[in-house]
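We number each residue from 1, following the sequence as shown.
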Amino acid sequence: MTTAEGLEDLVVRTTAGAVRGRAEEGLAVFRGIPFAEPPVGEARFQAPRPVRAWEGTREAYAFGPPPPQDLGIQGRTGALDAPTGDDWLTVNVWTPDADPAAGRPVMVWIYGGAYKLGHTGSPGYDARHLARAGDLVVVSLNYRVGMEGFASLEGAPANRGLLDQVAALEWVRDNITAFGGDPGQVTVFGESAGAGSVAALLAMPSARGLFRRAVAQSVPGTYFSDDLARDIAAELAAEVGLRPTAADLSTVDPRRLTSAGEAVSAKMRQYEDRWGRVAPTATPFSPVVDGEVLPRTPWEALAAGSARDVELLVGHNRDEFRLFLVLGEQLGRITDEQASWALRTFGPGPDGERSYRAAFPEATPTELYERVQTDWLFGMPSLRLAEAQVAGGGRAHLYELTWPAPGAGGVLGACHGLDIPLLFGTYEADLGNLLFAGSGVPAGARALTARFQSAWTGFARTGDPGWPAYDDANGRLTQVLDAEPEVRAYPEEAVRRLWEAYEFAALPLLK
């Protein structure tokens with residue numbers, strides 16, 4: 001196939017069989033291509049297995065079904081309209097030209113969702129604008145989340161969701177040439193839990209050589225120790241009256257098992273004495289530093305040079321935690337007592353409260369509460385990933401998004417998730433419905449989208465997003481993305497100094 005003009009031409013042969021896509025707005029689009037067997041039956045809770053070959057031509061018109069997941073915010077993620085079935089492990093491809101000789105750069109998207117929800121069919125991840133803007137191939141992938149993908153179970157490998165991502169990247173390596181992509185020019189990119197996944201892939205031996213560049217947007221600092229992960233898994237399994245073993249939990253329908261994750265999420269604060277900082281997050285799933293699939297935390301691995309040959313673009317938003325304050329109707333309602341609790345719980349070390357209050361003497365309780373959780377959960381993990389990459393002999397480019405979302409009366413600031421509609425140009429989908437609600441799409445948003453898309457696709461093509469690499473020697477230059485973008489010294493210097501000596505280690509089981 002050499003054009004996207006006629007449906008009769010939109011057939012591509014993969015290693016497992018032929019697929020037929022659709023011509024859409026100058027692109028050839030293929031949806032719901034399986035990259036592994038459905039992880040059910042004997043394959044339940046196991047590493048992904050190669051997909052079986054099929055006869056004839058498979059229609060690749062619709063997104064595959066999402067993996068079983070938390071039902072609490074399905075409406076926002078688009079899952080309510082998603083297909084059902086067991087073929088959770090699928091990829092989608094947007095390509096300007098499925099010509100094997102084209103050799104375009106490839107970008108592979110990994111969605112976020114607290115490691116417990118998300119799927120590629122969410123309208124906010126529609127990649128057509130990005131593929132056209134960069135004249136490149138975009139791939140998105142489904143991976144197991146929640147109990148199926150991240151619970152630490154006896155008789156199952158850890159981090160199955162991450163292993164799914166590796167299997168999808170192997171599919172890209174083996175098949176993307178036929179879709180017009182260059183398997184030697186692959187960039188993985190993801191946001192939130194997707195960025196945490198990207199960071200983990202940089203540290204995983206099984207992912208080595210599968211991508212050349214990586215983009216991590218708002219990296220979460222939560223990686224579990226093996227002991228902590230197993231203790232949480234025991235509580236998850238207890239919700240359905242079973243032991244935390246693959247054999248026991250395989251007897252429960254995957255779609256019913258999501259209720260265990262929802263139940264534990266709702267009462268995690270009860271486990272603060274055992275789970276520490278994890279308990280207030282209401283997220284019982286994260287990558288596990290198990291010593292095998294993920295041998296070390298990303299910061300430790302990168303500082304030791306695990307990804308020195310991979311070019312890294314990483315950053316965060318200025319007001320990450322503001323989103324959760326607004327959704328929880330807590331904005332402006334935080335007491336000084338609550339602020340003190342947050343500073344003691346999440347601050348860097350035993351002197352965290354005093355150091356934050358000294359650094360921000362004019363801050364209100366709400367501002368302190370938000371600031372320390374923005375810094376602990378996303379801001380400093382992202383910054384420190386860049387620093388670890390440089391320390392390990394690699395190259396990193398850093399950004400911070402400071403442009404405020406116009407929706408909800410302008411109270412959201414540059415909050416968590418704002419970079420998604422700005423990057424994809426999907427302002428009225430998923431979370432964009434809140435971030436742009438009632439405001440229309442201001443010209444500033446469209447200008448920032450052009451900036452995002454130019455930087456991200458330029459990085460995927462050349463390794464250069466358009467600003468200097470991050471380095472202590474050059475003043476820690478950072479791209480600040482705002483109405484008037486500028487390159488300047490890292491803007492959160494006061495916070496950087498507070499966290500300078502802090503180590504982002506695997507989170508421990510306290511007792």
Side-chain angles (χ1 to χ4, degrees), residues 70 114-116 146-147 150-153 158-159 192-193 196 199-200 218-239 244 260-291 294 296-300 320-321 324-325 328 330 334-335 337-357 368-382 384-385 416 495 498-511:
D70 188 319
Y115 305 104
K116 63 181 180 180
M147 294 281 281
F150 289 96
S152 193
L153 308 176
N159 300 307
S192 195
S218 303
V219 180
T222 51
Y223 292 78
F224 293 171
S225 66
D226 195 52
D227 286 345
L228 175 63
R230 291 190 180 279
D231 197 67
I232 294 175
E235 295 298 333
L236 290 164
E239 287 293 329
E262 293 171 359
V264 171
S265 292
K267 61 181 181 180
M268 283 180 68
R269 290 292 295 270
Q270 298 175 20
Y271 301 96
E272 221 166 322
D273 62 330
R274 279 158 52 192
W275 300 348
R277 290 172 158 180
V278 174
T281 68
T283 302
F285 307 103
S286 275
V288 182
V289 182
D290 66 315
L294 182 59
R296 295 183 284 185
T297 67
W299 303 278
E300 185 182 3
E320 297 272 8
F321 202 75
F324 308 106
L325 287 178
Q330 292 180 292
I334 300 300
T335 66
E337 182 181 10
Q338 289 173 308
S340 290
W341 167 83
L343 292 169
R344 291 193 306 270
T345 301
F346 300 110
D351 206 25
E353 180 175 7
R354 187 202 61 78
S355 61
Y356 259 85
R357 289 189 182 275
L368 288 169
Y369 185 89
E370 175 193 319
R371 173 85 264 177
V372 72
Q373 294 192 76
T374 286
D375 298 339
W376 170 73
L377 192 53
F378 298 111
M380 292 303 99
S382 300
R384 296 291 287 277
L385 197 72
H416 189 63
V495 175
L498 289 177
W499 289 82
E500 201 166 18
Y502 182 84
E503 179 185 354
F504 281 94
L507 296 167
L509 178 67
L510 299 185
K511 66 177 184 180

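Here the straight-line distance linking atom NZ of K511 with atom CZ of R274 works out to 8.5 Å at 0.5 Å rounding. Summarising the geometry, atom CG belonging to L228 is positioned 8.0 Å from atom CG belonging to L510; distances are rounded to the nearest 0.5 Å. Interatomic distance, W275 CH2 to L509 CG, rounded to the nearest 0.5 Å: 9.5 Å. Atom-to-atom distance recorded for F150:CZ and N159:CG is 6.5 Å, nearest 0.5 angstrom.
Using modelled atom types, one side-chain atom of R384 and one backbone atom of Y502 make a donor-acceptor pair closer than 3.5 Å. Remark: the backbone N or O of L343 is not paired with any side-chain donor or acceptor of Y369 at under 3.5 angstrom. A donor-acceptor pair under 3.5 Å is absent between the side-chain atoms of D351 and the main chain of S355, judged by distance alone. Of the possible polar contacts, one joining the R277 side chain to the T345 backbone as a donor-acceptor pair under 3.5 Å is found. A donor-acceptor distance shorter than 3.5 angstrom exists from the side chain of S382 to the backbone of V219, with no hydrogens or angles considered. For S152 (side chain) and A233 (main-chain N/O), no donor-acceptor pair under 3.5 Å exists by modelled atom type.
Ring geometry for F504 versus W499: interplanar angle under 30°, hence parallel rather than tilted (30 to 60°). F346 and W341 have perpendicular rings, their planes meeting at more than 60° on a 0 to 90° scale where under 30° would count as parallel.
Residues that satisfy the ring-ring contact (aromatic ring centres under 6.0 Å, His included) test with F285, not counting sequence neighbours, are absent from this structure.
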Problem - Test side-chain contact (heavy atoms from CB on, under 4.5 Å) applied to F224 and D290, step by step - result: CA-CA 9 Å; F224 293 171; D290 66 315; over 6 Å; no

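E235 has no carboxylate O lying under 4.0 Å from a charged side-chain N of K267, or vice versa, which leaves the two without a salt bridge. Between R371 and E320, no side-chain nitrogen of the basic residue sits less than 4.0 Å from a carboxylate oxygen of the acidic one, so the salt-bridge criterion is not met.
A distance below 6.0 Å separates the ring centres of F324 and H416.
The nearest pair of heavy atoms linking P298 to A200 is CG-N, 4.0 Å. Of all non-hydrogen atoms in E272 and A279, the two that sit nearest each other are CA-CB, 3.7 Å.
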